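Worksheet: the structure to be examined is printed underneath.
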Amino acid sequence: MHPESPQRLQSIYSMLDHKDFGPDLVHIEPRFATLDEILWVHDPHYVDRILDSADRAQVRYDPDTVTSPQTYKAAWLAAGGVMEAVKAVLTKEVRNAFALVRPPGHHAQKDRAMGFCIFNNEAIGVRYAMKAHGIKRVLIVDWDVHHGNGIQSIFYDDPHVLYFSAHREDFYPWTGEEQEVGAGKGEGYIVNVPLEVGCSNSCYGNSFRHLLWPIANQYRPELIVVSAGFDTHHSDPLGSMNVTPEGFARMTALLMELAADLCEARLVLVLEGGYNPQALRDSVEMVLWELLGSSMINKEEMRQVEDAQYDEIAETIQRVKAVHRRYWDFEVEEENDAFIDTRQP
Ligand SMILES: [Zn+2]
């Protein structure tokens, strides 16, 4: 079976059926994106190619990306679902949202399907926030194990989007080195943090606290969108990282804190990878508790572990800072409670 299967969402839906998250968890009905909305990001001839797959048994767009007769519909609905989530947050119908959609999107290029992705759901959601709601600066944080090369290429010269990706180095899709920083007016607005294989919760906590926090504070986004992949989970068949469900909750908590500080708490998570259905279900559950304000983790303890394990990622952080020092000031990083560096001097 292909790893990007309907079982992924079925596993999450069955968790949602069995757990009582209380009245604060509301369902947002997805819709199909319109053709115009898809064309905000994708080339017309590419959209035609995807439409050609309708009702055909199978079309293979790249070695990993293959469609079934209804894939085009799911892709249209995934993009529309993300836009509805963005809308619900921007109109204050909800405080934050998690778009549980598939197929994933962050590898999808303007003119090409890639790495299980058909349409770039996040990019379409971001364009929607800008065109329909007048948002001018969006921070996209990508914690999927893979680099989101599609998001990067779509916004490479665009200062209205800051793309921050922490991903496994020297791994599919073989992009995302720290030297890739954007171009033209977008130079400095792509921040890549390549991580060693086997990274645990602390790697991510520390890269958020020591790199993302100072940069985001200077960028001052009006909306934060997360490419939430769960293929860094320790039992994922593809990722080879060591993140636990508590680690995903910790990342969520840090981003909620950032969103509360910078953009009226506007935070939209979008499901990306995660190919062990049980791990996906457990991790999404922990993230939902966090988003609902019923945290299941001990943040203080996790912060202390991050401080104790800082050395594991110190070199990576220094490398990224060396590249980005000409765009961002990293001396501001000591001011926020959630992010504060508690190591002894
Ligand atoms: Zn992935």
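Atoms within a ligand are numbered from 1 in the order they appear, just like the ligands themselves. In this text the structure is predicted, and so the values were computed from the model without any measurement.
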Do Glu4 and Arg8 meet the salt-bridge criterion of a basic N to acidic O distance under 4.0 Å?
yes
Distance check below 2.8 Å: does Glu272 bring an N, O or S atom to the Zn ion (ligand 1)?
no
Among the N/O/S atoms of Asp231, the Zn ion (ligand 1) lies closest to OD2
ask   = Mind checking whether Trp174 and Phe171 have parallel, tilted or perpendicular rings, split at 30° and 60°?
value = perpendicular
**Asked** So, Arg281 versus Ser14: side-chain donor-acceptor pair below 3.5 Å or not?
**Response** yes
**OP:** Would you check if there is a donor-acceptor pair between the side chains of His167 and Glu169 at a distance under 3.5 Å?
**Re:** no
Atom name of the N, O or S atom of His146 nearest to the Zn ion (ligand 1) is ND1
Of all the N, O or S atoms in Asp144, the one nearest to the Zn ion (ligand 1) is OD1
Taking 2.8 Å as the cut-off, does His106 contribute an N, O or S atom near the Zn ion (ligand 1), distance below it? no
Looking just at side-chain N and O atoms, do Asn149 and His147 make a donor-acceptor pair shorter than 3.5 Å?
-> no
